[in-house]
Structure formats: C-alpha cells, structure tokens
**Q** 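Pasting a structure here, questions to come.
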Amino acid sequence: MDYKGDISLKGKSICILHPSAPDSDFRLRKTVLALSSAGAEVTVLSYDENPERGRVDAPCRVLCYPIKLNICHPSNNRIWLLRVLWNSTILRVQELIQIHLNHWYGMAEIAVGLNVDLYYFINVDMLKQAVHLKELTDKPIVYESYEYFPAELKNHSYHRSRKDDKLFKLEKEVVQKCASEVIVVGDEIAQGYVDYYGCKKPAVVYNVASSTVEDIRNTGAEVKFYFQSYLRPTYNIEALIEAFGKTRGSASLTIQGKAFVQEYWQALLVEIKKNPRANDIHLLGPCSHNDVVYEAGKYDVGLISISAIVGGRESASTRLSLPNKLFTYGSAGLAMAASDYPAQRRILEGFDCARYFNPESVADLQTTLQWFIDNRDVLDEMKKESLVFARLYSFEEQVNTLAEVCGKAMGLDNGGK
C-alpha cells in the first residue's frame with residue numbers, strides 16, 4: 001500500500017503493546033499496516049497462550065510471551081512443562097521458563113529495552129503497563145481504547161466490579177498524564193472521554209475492514225440476510241431468529257461467528273430448530289478475519305442487531321459504539337439493517353444504504369426485515385451506496401489519520417522531520 005499522508009514516519013521505530021492473541025485481531029493488523037506504510041519500523045509485543053503461534057500477517061516484528069504461570073493451579077503448570085519437555089530440548093525449556101519469568105517484570109520493562117521512538121498501547125488490559133512505562137522513559141505514548149468505559153460511567157449503566165474501578169482510575173491517569181495522544185472509535189465516544197475524564201478530545205480513527213469488494217454480486221430473487229459477529233447472549237440473536245421466522249417471502253438468514261461459549265452455540269441451534277423458517281436459517285462457524293469481507297459479499301443485507309440492554313440495564317457504550325461489522329458490511333457492498341443508535345445513524349447519514357430498527361422490539365425488527373424482502377428491487381442501488389460509504393471510511397483514508405496521530409505524538413511536522 002502506498003502511503004499518501006502528509007507526515008512521514010520513515011526512520012522511526014514504534015512498539016505496539018497488545019494484550020493477547022495478535023494473529024486474531026484485524027484492528028491490530030490495520031494499525032501495523034498503516035504505520036509500516038508510512039515508513040515506520042514496527043514491533044508488536046503481546047501475550048499469548050501459545051507464543052510460538054502468535055503472529056501478525058503484516059510487515060512487522062512480533063514478540064509473543066506466554067501468559068504467566070498460574071501459581072494457583074499447579075496442575076496446569078505441570079501440564080505446560082510436560083508439553084514443553086515433549087516438544088523441546090532442555091535448552092529450549094530453560095529459554096521458555098526464562099520468558100515466563102520475564103513476564104513478572106511486566107511488558108513495560110521489555111518494551112523500554114527496545115529503545116524505540118514511540119510506544120503504542122492497545123486496550124485497557126495494557127493500562128498498568130502504560131503507567132509503569134511512563135515512569136521508565138520520556139518517550140511519547142499513544143493509547144488506543146477498544147473499550148468505552150467513560151460512556152458507561154457517565155450514564156451510570158455499567159455493572160462495576162472492583163477490577164473495573166481500578167481500570168477506570170488507571171485509564172484516567174493514562175489519558176490525563178501519560179499518553180501524548182489517545183485514539184477512540186467515533187465522535188460520540190471521543191466526547192465521552194472529554195466529559196468524564198476532562199482530557200483533551202481523543203483522535204478518531206475508525207475500525208475499517210481490510211479490503212473492499214468492488215463488484216456487487218447478484219444473489220438472485222432471494223434476499224440473503226447476514227449477521228456476522230462473536231455469538232454472545234447479549235447480542236439479541238434470539239430476537240433476530242424470532243423476527244426472521246415471522247417474515248414472508250423468499251429469504252434466508254445466515255448467522256456466522258464464534259460462539260462465546262459452546263453451550264450458547266447449542267442453544268442457538270435449538271432456537272433455529274423450533275423456528276417456523278428453520279430450513280431458511282443457517283448457523284456457520286467463523287471465517288478468517290482476512291476473508292470476512294469477501295464472505296459477507298455473498299449476501300444482500302448485513303444485520304447490526306446488537307442490543308443495548310445488558311444485565312437488565314442500558315449500556316451507553318453499546319448505544320454509542322460503531323461495531324466493526326458496520327464497516328465490514330459497507331466494504332462488502334451490503335445494504336444494512338442497523339440498530340437505531342445515534343452513532344450509527346450519524347455515520348450513515350447521507351448514504352441511502354440502511355434501514356433502522358429498534359433492537360429491543362422483535363416486531364420492529366420483523367417489519368424491517370420484511371421491508372427488504374418486499375423491496376428486493378431497490379437492494380442493488382442500496383448496495384452500491386454502501387460501497388460509497390465504505391470508500392469514504394476506507395483503509396486508505398484511515399491510514400493517513402493514524403500515521404498523522406502518531407507523527408504528532410512524536411513532534412513531527414509535515415516534512416517528517
């Protein structure tokens with residue numbers, strides 16, 4: 001990819017500190033590609049249950065460290081050691097055990113030893129390390145939040161545990177004192193940080209899909225609905241199945257993703273089996289994040305059916321968030337049936353590619369699904385408009401924004417000097 005931004009990161013080295021499993025996080029891949037294309041040398045530090053598996057399909061160096069030995073469950077440690085002994089030489093065993101010991105010092109010590117120009121922390125799980133690193137070096141820090149705690153607190157809707165209280169305190173310290181720049185997804189979330197933490201307004205970089213399907217695929221007379229995500233009880237998937245079961249006409253519903261727990265996968269199968277349109281509902285396992293846009297392009301309408309009611313309370317975070325699938329569906333050229341939440345309405349405003357529904361109402365969701373079935377003739381135009389939306393928030397555009405935020409943190413001007 002050719003970087004076309006104003007700030008060059010050539011000659012600069014950046015260390016990204018990521019909580020775990022870097023090979024399964026396409027947002028991390030986006031970040032690495034963006035910074036690398038702007039000229040930076042990127043190193044990813046991460047934890048992983050299987051560190052030899054950890055990798056990122058992008059131009060960077062990846063250093064994965066095992067999740068620390070669990071001293072509360074010695075049997076797990078024994079199994080781990082037996083597995084290593086079976087597969088490795090004694091020298092390799094000593095090396096891996098030393099890596100485990102290094103974990104206790106924390107990722108900050110490992111990171112500071114790399115002596116890079118910028119440290120880029122991802123997600124609340126790395127907050128403690130960000131604070132600690134600030135004590136060890138004066139190099140600039142960028143913090144990207146994948147969570148939206150300030151919005152939850154502001155609306156008193158988050159079920160707070162002692163761990164959450166600690167995270168809120170740490171995040172406030174990071175955004176006020178430690179981070180040179182903060183990155184979030186969406187203007188509503190950015191304002192939430194300002195209102196709650198009193199920090200400067202974070203930069204907004206959208207979670208975009210990594211590729212675009214340029215050719216709209218004609219799927220025939222049948223309207224093919226598609227819902228792709230982690231499969232969690234809080235996502236109101238049962239309501240989606242119920243609503244689809246009450247529709248009439250030529251249509252199918254495909255639900256694809258990894259179940260939050262195996263029992264939930266089985267529960268969804270039960271819901272589908274007893275549905276009047278069971279033969280038209282398909283439950284599929286997850287596909288690679290590299291293929292998700294192409295996979296989505298096989299369908300007509302992408303469903304963003306996330307309920308904001310979590311544990312009986314409204315989640316302000318969910319109401320204000322911009323899910324990955326919003327950009328995935330756009331990049332795949334799908335019309336969208338979107339939850340009627342303010343952030344989603346704002347970003348889709350001006351694009352005739354979506355219909356909105358109240359996600360807490362099965363009847364309203366059913367009406368929206370039926371509208372698409374009854375108006376099959378307008379779908380192709382909506383799908384073309386969805387691609388227009390996707391291009392505006394394309395990877396190419398977001399690359400420039402992300403590189404400029406990091407360049408600003410390092411005090412670079414437009415000449416990259």
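As the structure is a computational prediction, the values presented were derived from the model and not from experiment.
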**Q** If you apply the rule side-chain contact (heavy atoms from CB on, under 4.5 Å), what do you find for Lys12 with Glu41, and how did you get there?
**A** CA-CA 6 Å; Lys12 299 298 181 180; Glu41 179 183 308; over 6 Å; no
**Q** Once the angle between the rings of Tyr197 and Tyr193 is folded into 0 to 90°, is it parallel (under 30°), tilted (30 to 60°) or perpendicular (over 60°)?
**A** perpendicular
**Q** Output, in order, the C-alpha distance, side-chain angles, deciding distance and verdict of side-chain contact (heavy atoms from CB on, under 4.5 Å) for Ile14 and Val116.
**A** CA-CA 6 Å; Ile14 297 175; Val116 297; over 6 Å; no
**Q** If you count heavy atoms of other groups shown closer than 6.0 angstrom to CG of Asn279, is the number above 12?
**A** no
**Q** Nearest 0.5 Å please: distance from the OH atom of Tyr235 over to the OG atom of Ser307.
**A** 11.0 Å
**Q** Where is the tightest heavy-atom contact between Gln344 and Ala338, given as atom of each residue plus distance?
**A** NE2-CB, 3.9 Å
**Q** Would you call Asn358 and Leu365 a side-chain contact if the rule is heavy atoms closer than 4.5 Å?
**A** no
**Q** Would you mind reporting whether Cys406 and Leu35 have side-chain heavy atoms less than 4.5 Å apart?
**A** yes
**Q** Using 4.0 Å as the upper bound for N to carboxylate O, is an ion pair formed by Glu173 and Lys169?
**A** no
**Q** Would you say the side chain of Pro202 lies within less than 4.5 Å of the side chain of Val194, judging by non-hydrogen atoms?
**A** yes
**Q** Flag the pair His18 / Asp25 as yes when at least one side-chain heavy-atom distance between them is below 4.5 Å, and no otherwise.
**A** yes
**Q** Please say whether more than 12 non-hydrogen atoms of neighbouring residues, nucleotides or ligands are located less than 6.0 Å from CD in Glu360.
**A** yes
**Q** Between Tyr393 and Tyr206, is the gap from one ring center to the other below 6.0 Å?
**A** yes
**Q** Looking at Ala409 and Val142, what are the two nearest heavy atoms and their distance?
**A** CB-CG2, 3.8 Å
**Q** Measuring only between side-chain heavy atoms, which start at C-beta, is Phe389 closer than 4.5 Å to Ile347?
**A** yes
**Q** Working to the nearest 0.5 angstrom, can you tell me the gap between Gln366 CD and Phe357 CZ?
**A** 13.0 Å
**Q** Tell me whether Arg345 forms a cation-pi arrangement with Tyr356, defined as NZ or CZ under 6.0 Å from the six-membered ring centre and within 45 degrees of its axis.
**A** yes
**Q** Which label fits Tyr299 and Tyr226: parallel for a plane angle under 30°, tilted from 30 to 60°, or perpendicular past 60°?
**A** parallel
**Q** Can you tell if the side chain of Leu170 reaches within under 4.5 Å of the side chain of Val131, non-hydrogen atoms only?
**A** yes
**Q** Can you find a pair of side-chain heavy atoms, one from Cys199 and one from Val182, that are under 4.5 Å apart?
**A** no
**Q** What I'd like to find out is whether the side chain of Arg61 reaches to under 4.5 Å of the side chain of Leu114, using heavy atoms alone.
**A** yes
**Q** Under 4.0 Å between a Lys/Arg side-chain N and an Asp/Glu carboxylate O for Asp300 and Lys383?
**A** yes
**Q** Please step through side chain to side chain donor-acceptor pair (under 3.5 Å) for the pair Glu271 and Asn275, ending with a clear verdict.
**A** CA-CA 6 Å; Glu271 289 295 317; Asn275 191 279; over 6 Å; no
**Q** Please determine if Lys139 forms a cation-pi arrangement with Tyr120, meaning its NZ or CZ atom is less than 6.0 Å from the six-membered ring centre and no more than 45° off the ring axis.
**A** no
**Q** Are any of the side-chain nitrogens in Glu181 or Lys200 under 4.0 Å away from the carboxylate oxygens of its partner?
**A** yes
**Q** How long is the gap from OH on Tyr119 to CE on Met107, to the nearest 0.5 Å?
**A** 13.0 Å
**Q** Minimum heavy-atom separation for Leu28 and Val44, please, with both atom names.
**A** CD2-CG1, 4.2 Å
**Q** Do Asp280 and Ser252 meet the criterion of a side-chain donor-acceptor pair at a distance under 3.5 Å?
**A** no
**Q** Compute whether any side-chain donor of one residue and acceptor of the other, for Glu135 and His132, lie under 3.5 angstrom apart.
**A** yes
**Q** Would Arg27 and Asn324 count as a side-chain contact (heavy atoms from CB on, under 4.5 Å) here? Give the steps.
**A** CA-CA 9 Å; Arg27 290 176 293 190; Asn324 298 332; 3.7 Å; yes
**Q** Mind listing the closest non-hydrogen atom pair of Leu133 and Ala108 along with its distance?
**A** CD1-O, 3.5 Å
**Q** Taking atom OH as the centre, does Tyr264 end up with more than 12 heavy-atom neighbours from other residues, nucleotides or ligands that are less than 6.0 angstrom away?
**A** yes
**Q** Are any side-chain N or O atoms of Ser331 and backbone N or O atoms of Thr328, one a donor and one an acceptor, separated by less than 3.5 Å?
**A** no
**Q** Flag the pair Arg346 and Asp187 as a salt bridge only when some basic side-chain nitrogen lies within less than 4.0 angstrom of an acidic carboxylate oxygen.
**A** yes
**Q** Give a yes or no on this: more than 12 heavy atoms of other residues, nucleotides or ligands lie within 6.0 Å of atom NZ of Lys408.
**A** no
**Q** Surrounding CD of Gln262 (heavy atoms of other residues, nucleotides or ligands, distance under 6.0 Å), is the total greater than 12?
**A** yes
**Q** Evaluate the criterion side-chain contact (heavy atoms from CB on, under 4.5 Å) for residue pair Ile255 and Leu303; output intermediate values, then yes/no.
**A** CA-CA 10 Å; Ile255 299 168; Leu303 286 147; over 6 Å; no
**Q** Search all heavy atoms of Lys201 against all heavy atoms of Ala190 and return the closest pair with its distance.
**A** CE-CB, 3.9 Å
**Q** Where do Gly186 and Val204 come nearest, in terms of heavy atoms and distance?
**A** N-CG1, 3.3 Å
**Q** Between the side chains of Tyr143 and Glu171, does any donor sit under 3.5 Å from an acceptor?
**A** yes
**Q** Could you give the distance from CG (Asn123) to OG (Ser20), rounded to the nearest 0.5 Å?
**A** 8.5 Å
